[in-house]
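Here's the structure, in C-alpha cells; my notes come after.
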Amino acid sequence: MNHHAIAAIYRFEMARTFRTLVQSIVAPVISTSLYFVVFGSAIGARMTEIDGVSYGAFIVPGLVMLSILTESISNASFGIYMPKWSGTIYEVLSAPVTPLEIVLGYVGAAATKSVLIGAIILATAGFFVPLQVAHPVVMVAFLVLTSVTFSLFGFILGVWADGFEQLQIVPLLVVTPLAFLGGSFYSIHMLPEPWRTITLFNPVVYLISGFRWSFYGVSDVGVATSLLMTLGFLVACAAVVGWIFRTGYRLKA
Amino acid sequence: MDPIIRISQLSKTYASGLHALNSVSLDIRRGEIFALLGPNGAGKTTLIGITCGLVRPTSGTVLAGGHDVVRDYRAARRLIGLVPQELTTDAFETVTATVTFSRGLFGKPRDPARIERVLRQLSLWDKRNDKIMTLSGGMKRRVMIAKALAHEPQILFLDEPSAGVDVELRRDMWDMVRALREEGVTIILTTHYIEEAEEMADRVGVINHGELVLVEDKHALMRKLGRKQLTLELPERLEHLPDALAGSGLELSGGGAELVYVFAPGDEREQITGLLRRLDAAGVAFRNLHTQQSSLEDIFVDLVRGDRAREGAGVGER
C-alpha cells in the first residue's frame, strides 16, 4: 500500500477544506440553523409531537442527513473534477498509485469533512432543541457510512461530469428532492397511499429512518433494513468506481 | 547494458479512429538524453502518455526499468517523472505544498531538505510560500519541473519543455538537464525547437505520422545527413565556370559572384586541398570563403518533407 500517496491526497484535499472554511463549514451550519429557527422554533411550536418526539427534535436527524448528503456529493465531486478540469489529474494518473489508494485519499477526505459537518450541525442543533442519542454507536455508524457512500457517489459524479453545470445539477435536481421527500421533515407514516409505498423506493428514506432510530428509537422502516439498504448503495457505488478505473472511463484516452 | 526504456511494437488508435502510433519500437539507453522530434500530431505526446500511464496502449508493450508499464505499473511509475506540455498547475496551493504533494504521491516519505534542494536548483526557493496562481508562466513551468523531480526519478520526460519559456529559463533548464544527466538521470524530451535537441541530445529520434522515421546518434546523424557547403566569394563576376574546373563539383552561384561546393561525405580536408589547388591552376582568385553546415533543423525538415513527398507520390503509404 502506497500510504504516502493516500496521505498526500488526503492532506491536499483537507487543506482545500480549511482554505475554504467559510464555504465548507460555516455555510452549512448557518443554513441548518435557519431550518431550526423556521421549522423548529417558529412552526415547530405549533406542531404536535411525532412518534412521541417534539417536532424540532424530530427533524434533527433528517437535517443532518440532508447536509451530509449534499456536502459529501459536492466535496467529492469537486475534489476529483477540479484536477480533471485544470489538467493536474495527469499527476495522479501517472503516479504509482492503485485505484483503491486514489479513492481512499479523495473519498476519505470528502467523508471526513462530511462527518465533521455532521458533528457541527448536531452541536448547533443542541442549542435549539433538547437532543438525546439513544444508540450512539449506531448513530456514528450511520453518519460515517452515509458520508462514505455519498462521497463515493460524488466521486463518480465528478469523474462523469464534463462541465460545472452537471456537477451542480445532480445534487440540485436529484439529491435534494430525494432528501426532502425522504422523510427529513416528516414521518412517511403521515403520507397517504400510494405515496407511502412510492416513497419506499427512495433510498434516502432508509438513511434518514435508520439515523433517526439511533436518536429516538423510532423509525419508519426497520433499522436492519436501513443498514442493509445503505450498505447496498455503498457496494453499488464501489462497483461503479471499480469499473471506472478498470475501463479508464473519462480518465484515460 | 539493458535499456532503461524498451518500447516494442507500440500502437495506439484512439476512439475517434485516429492512428496516433503505428508499431513503434524504441530503446532508450540508461543515462542518455534522447530527443524525440516530430511535427504537431506526430505521436510524441501519445508515446509519452502511454509510457507514463495517461494513455492506454492499443497493442505493444513498454518496459521501464524492466517493469511493464501496464502490468507492473507501480514499479514502473516510481522511476518516472513527467513534465507535460500543457502548463497545468494548481492555483491556490503554495509552491512548497504542491511539490511536497508530488513527492508523497509517488510514495516517498516527506523530506523537506530534498524539496529545498529542488526548489533552490530551479530558483524557486524565494517563491516557496507563494500561491502558484501568482507566478508567471515561466515560474509555473519551473514548478512543474520541481514536481516531477520531487520523488527523485531515474527517468524524466520533458514534453516540449521550452514552449512559452523565455531565453533565460531555457538556458537554465538546459543546464539543469545536463546536471541531471550527470547524476545518472535518463532524459527524454520532445521538442519543436531543434536547437534544443542539437544543444543537448545524445541521440535523436524523428517521429512522423505515428511512425519512427529514424533513431540516430546526433553527431552521426549530422555527419550522415548534414550537408556541408563551401562558398567562395569572387573578386569579379564570372560569366561561366572555367573549363579547367569542369567536373570539380564547383558551381557558379549568386549571378556569377560566388562559387559553391557541396562536400561529399568523407575527408573534407582532402577535398578542400584538392579544390584550392585546382582553383589556383585555373587562375581563379577569391576574396573570401566560408563554410556552412546544415543544422538538425534542416535535416529534420528534409526528413519530414521527404516523408510527405513519398506520400504524395503514393510511395510508402501506410
Side-chain angles (χ1 to χ4, degrees), chain A residues 1-24 75 78-106 108-109 159 162 164 243-253, chain B residues 12-16 18 20 45-46 48-58 67 69 72-94 97-98 100-111 131-133 144 147-148 150-151 153 157 159:
Chain A
M1 189 68 101
N2 183 350
H3 61 272
H4 290 300
I6 302 171
I9 298 174
Y10 184 86
R11 273 198 217 104
F12 185 91
E13 283 298 297
M14 290 310 285
R16 193 167 60 88
T17 300
F18 291 114
R19 216 171 32 239
T20 53
L21 204 61
V22 173
Q23 181 201 327
S24 300
N75 284 323
F78 264 89
I80 191 69
Y81 181 75
M82 282 310 286
K84 238 181 65 177
W85 177 77
S86 69
T88 53
I89 189 91
Y90 82 86
E91 206 178 12
V92 174
L93 295 179
S94 65
V97 288
T98 60
L100 177 67
E101 288 155 1
I102 296 176
V103 169
L104 281 176
Y106 280 108
V159 171
D162 52 17
F164 281 100
W243 173 82
I244 284 174
F245 281 106
R246 228 177 16 259
T247 58
Y249 176 75
R250 296 213 170 170
L251 288 177
K252 291 188 186 188
Chain B
K12 174 65 187 180
T13 305
Y14 285 101
S16 63
L18 175 78
T45 300
T46 300
I48 292 184
I50 292 175
T51 310
C52 295
L54 304 177
V55 178
R56 300 150 71 88
T58 305
H67 307 285
V69 298
D72 193 9
Y73 66 91
R74 207 202 270 274
R77 291 183 196 169
R78 275 185 203 280
L79 306 176
I80 300 175
L82 166 66
V83 184
Q85 188 173 342
E86 299 289 329
L87 205 54
T88 47
T89 54
D90 299 310
F92 304 103
E93 284 70 24
T94 64
T98 195
T100 305
F101 167 77
S102 301
R103 185 173 168 84
L105 196 60
F106 278 74
K108 288 280 172 87
R110 285 189 161 207
D111 185 351
K131 283 186 178 175
I132 301 165
M133 61 194 286
M144 290 180 72
K147 281 166 78 69
H151 68 281
F157 280 97
D159 195 0

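All heavy atoms count here, side chains included; hydrogens, waters and symmetry mates do not. Residue numbers begin at 1 in each chain, while the letters A, B, ... track the order of the sequences. Quick caveat, the model's predicted, so the values are computed rather than measured.
Considering only heavy-atom pairs separated by less than 4.5 Å from chain A, the leading option among H151(B), R78(B), R110(B), M144(B) is R110(B). Considering only heavy-atom pairs separated by less than 4.5 Å from chain B, the leading option among P83(A), G248(A), A95(A), A8(A) is A95(A).
Of the two parts of F106(B), the backbone and the side chain both hold a non-hydrogen atom closer than 4.5 Å to a non-hydrogen atom of chain A. Heavy-atom distances place both the backbone and the side chain of S102(B) under 4.5 Å from chain A. When heavy atoms are compared at a cutoff of 4.5 Å, K12(B) approaches chain A solely by way of its side chain, counted from C-beta outward. Looking at A7(A), neither its backbone nor its side chain comes within 4.5 Å of chain B, counting heavy atoms on both sides. The part of T247(A) that comes within reach of chain B is its backbone (N, CA, C, O), which places non-hydrogen atoms under 4.5 angstrom from that chain.
Between the CZ atom in R56(B) and the CG atom in L251(A) there is a gap of 10.0 Å [rounded to 0.5 Å]. Separating the OH atom in Y90(A) from the NZ atom in K147(B) is a distance of 5.5 Å, to the nearest 0.5 Å.
Of the candidates I48(B), T51(B), L54(B), L54(B) is the only one forming a side-chain contact (heavy atoms from CB on, under 4.5 Å) with S94(A). Evaluated for a side-chain contact (heavy atoms from CB on, under 4.5 Å) with L105(B), the options I9(A), I102(A), I6(A) yield exactly one hit, I9(A).
Looking only at side-chain heavy atoms (C-beta outward), E101(A) and R74(B) come within less than 4.5 Å of each other.
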Worksheet item: After noting the C-alpha distance and the side-chain angles of F12(A) and D90(B), does the key distance pass the side chain to side chain contact (heavy atoms under 4.5 Å, CB included) rule?
Response: CA-CA 11 Å; F12(A) 185 91; D90(B) 299 310; 3.6 Å; yes
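Residue Y14(B) qualifies as enclosed at atom OH: its count of foreign heavy atoms under 6.0 Å is above 12.
No donor-acceptor pair under 3.5 Å is formed between the side chain of R11(A) and the backbone N or O of F101(B).
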